[in-house]
Trainee: 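Pasting a structure here, questions to come.
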Number of protein chains: 2
Amino acid sequence: MASDSAKRLTIYDLARFAETSPSTVSAVLNGSWKRRRISQKLADKILTLAQSEGYSANMQARALRRERSGIIGMILPLYDNRYFSSIAQHFEAQARKRGLFAIVACTNRDPAQEREAARMMLAYRVECLVSTGATDPDTISLMCEEAGVASLNLDLPGSKAPSIISDNRDGARRLTLAILDRLDANGAAHSDGVLFIGGRGEDHNTRERIEGFIKARTERGLATRDADILPCDYAADKAQVALEAYMRHRTRLPAAMFVNSTIALEGIVRWLQQSGHQLDEVTVGCFDWDPLAAALYPHLMMARQSVEVMIEQLFAMIDDPAQAPGTLVEVAPELIGI
Amino acid sequence: MASDSAKRLTIYDLARFAETSPSTVSAVLNGSWKRRRISQKLADKILTLAQSEGYSANMQARALRRERSGIIGMILPLYDNRYFSSIAQHFEAQARKRGLFAIVACTNRDPAQEREAARMMLAYRVECLVSTGATDPDTISLMCEEAGVASLNLDLPGSKAPSIISDNRDGARRLTLAILDRLDANGAAHSDGVLFIGGRGEDHNTRERIEGFIKARTERGLATRDADILPCDYAADKAQVALEAYMRHRTRLPAAMFVNSTIALEGIVRWLQQSGHQLDEVTVGCFDWDPLAAALYPHLMMARQSVEVMIEQLFAMIDDPAQAPGTLVEVAPELIGI
DNA sequence: ACACTTTGCACAACCGATTGTGCATGTTTC
DNA sequence: GAAACATGCACAATCGGTTGTGCAAAGTGT
């Protein structure tokens, strides 16, 4: 029977009920009562009372006084792909395990939204802020530094905070080698080339993956033409348009493609379908992972970033700060469908 | 140059800098200064100062005093499918539009985790709590009621708070009709039946979808056997196992399947593949949506739940409370690939 | 019986904002 | 020129916890 007007229970109410003082109630409820030499008997009484009355501490008041919010924040480009949503989910689980409350904000790969979200999180006094796939991680780190809050980068590196990212270069290299192996096994001619498509030319990960791609080809004695590298951004439509344009100058499909994200893959597949092609006409390796796509198309090779490990490393750094700002941890992705 | 020891700026600091009082600074910064007859000149001075010094209000203090946290909470089964992650993303966007801060917690379809997350959110004094796909929404509503906090249900209905859900029954009916039309068009024999697979027999949505499924078949003069309805839970493995078991008693694949979620689809597809079947051997309608699957397999029929509309309806109810607890809003899903 | 220590708790000052109220000036009215 | 009103701001209480400190009463030693 909670009436709207009935204010929530406070330690002052409990103190009255238990005929003791608010400070004693507080000590009992936050666990510091042993240290404060509160008797077992009184503690039990208060705990029982709190339980039966359904008391729940006001976190704002606690945070205000303790100058610790118990909140940890993350900014994320978006939720709706397997990689980022998995990051959010593991982040939350690990935060909870540490008694922290996780808050996550989507910022759509937009620097202005990233800053705005960071500002809000700092206003809520997060104890630590993780920038995931941020287009401008260093500005976020600066904002955090001014507020005296720890910051970390995930997925994309920054120079002003420690970063945990995938080993993009070697992952791309291994994926490319797998593609080339597959072509060899199929007896396909390498002369048709392999197209690298998707991602942002300006972003660190895409650049690294391109280098890994080229490196693998070099190892196999293959040269790589600039025209075969199309970082057309992270968007299905853009990939579709880019492939369309690419194919205008060609008579045949490339033998294989290195597709730099599932969202780009979506555009590729749509273009193939609309152009009357089958997906199996081209060998595809995707630097990203989606289980349904894997089930639907088992020949698809994919690099699955090790989200669990990355989040573990992230919290290892959070638990033990004092990392140099430039620290870079690279986690090897796992190849699937090889 | 923020030193670690330097505490964050407060209105007291600003008051000293501007040679005025904290209450005046507060009024200026929270917009109530006109009403309080603070002069334009002083207001400008304070605003400029706050800007240049990078002041940001302590939300805990504000929340404590105002007895309004500015936070709105949502519990969610999980992030990693397109439906729920899209819900989270739209929820956040709409919340931000209203100046609210959204916090989302994953509870893995586990009633205990649901309660625990709700408890935390109430401790942070959320102004409203949305239970999405909750296995036990009514308990959450009760907890909220005791705390004097509004609660709403999304995706799955409850009896103690207004609910916004998909029109599962009619959506399933329309999807089933589309499946039957497709079978007719292909000249397939109906006698092989259509298998309904996936979801939880106990959950409202699955039950409704089963009814819609049966209704559509009845409309076409088809009887439905209990054995052709397999609500094997939301999990790829369970769907795979269920299909395996189902097929042990049959010599041929069913002509079509009504797959009750993309996660079940994953298991179905894996079983087909492992059993040497092609996905095109069976007509599939999936009550769920995934754009990559749609691209990879355009023949797949899917019911896409209208997340945007549902979230709009949700916030319409939040903006204007005073709905009867039992209110049920049903939003029609959209059929894709028909 | 006296000094000394331990036990058990209450007091009160915060944390940083918000807001009802009061009180000097300055301006208008008749 | 006095009363009446408006302007512009400061004071202080408050939200609900946390925590340093103080002080009785009970226990211990001699």
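Throughout, a chain's letter reflects where its sequence line sits, starting with A, and its residues are numbered from 1. Hydrogens, waters and symmetry mates are skipped; everything else that's a heavy atom, side chains included, is used.
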Trainee: Out of D:dC11, D:dC9, D:dT21, which has the shortest distance to the side chain of B:Ser23?
Mentor: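 Output: D:dC11.
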Trainee: I want to verify a distance call: between D:dT19, D:dG8, C:dG16, whose nearest atom is closest to the A:Arg65 side chain?
Mentor: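 My answer, after comparing the listed nucleotides, is D:dT19.
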Trainee: Take A:Ser39 and A:Ala61, find for each the nucleotide of DNA chain C with the closest heavy atom, and name the residue whose nucleotide sits nearer the 5' end.
Mentor: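 Here A:Ser39 is the residue nearer the 5' end.
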Trainee: Verify the distance criterion only: is there a donor paired with an acceptor across the side chains of A:Asp155 and A:Thr132 at less than 3.5 Å?
Mentor: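 Judged by distance alone, the side chains do not pair up.
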Trainee: Relative to the ring of A:Phe91, is the ring of A:Phe315 parallel (under 30°), tilted (30 to 60°) or perpendicular (over 60°)?
Mentor: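 A:Phe315 and A:Phe91: tilted rings.
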Trainee: I'd like to know if the side chain of B:Glu114 pairs up with that of B:Thr135 as donor and acceptor (distance under 3.5 Å, no hydrogens or angles considered).
Mentor: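 Looking only at side-chain atoms, B:Thr135 and B:Glu114 do form a donor-acceptor pair, the distance falling under 3.5 Å.
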Trainee: Specify the separation, in whole Å, of atom CZ of B:Arg36 and atom C1' of D:dA12.
Mentor: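 So the two atoms are 12 Å apart, to the nearest Å.
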Trainee: In whole angstroms, how far is the P atom of C:dG16 from the CZ atom of B:Arg8?
Mentor: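 Distance check: B:Arg8 CZ to C:dG16 P gives 10 Å.
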Trainee: Rounded to the nearest Å, what distance is computed from the CG atom of residue B:Leu64 to the P atom of nucleotide C:dC14?
Mentor: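 Spelled out: CG on B:Leu64 to P on C:dC14 is 17 Å.
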Trainee: A:Arg66 has an atom CZ; how far is it from atom P of D:dT18, in whole Å?
Mentor: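 Distance check: A:Arg66 CZ to D:dT18 P gives 5 Å.
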Trainee: Among C:dG8, D:dA10, D:dC15, which nucleotide sits nearest the side chain of B:Thr20?
Mentor: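 Nearest nucleotide to the side chain: D:dA10.
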Trainee: Please check: side-chain N/O of B:Lys160 versus main-chain N/O of B:Leu142, any donor-acceptor pairing under 3.5 Å?
Mentor: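 No: the side chain of B:Lys160 does not pair with the backbone of B:Leu142.
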Trainee: Whole Å only: how far is the CZ atom of B:Arg37 from the P atom of C:dT25?
Mentor: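 Distance check: B:Arg37 CZ to C:dT25 P gives 16 Å.
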Trainee: Starting at CG of B:Leu9 and ending at P of C:dG16, how long is that distance when rounded to a whole Å?
Mentor: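 Rounding to the nearest Å, CG of B:Leu9 and P of C:dG16 are 11 Å apart.
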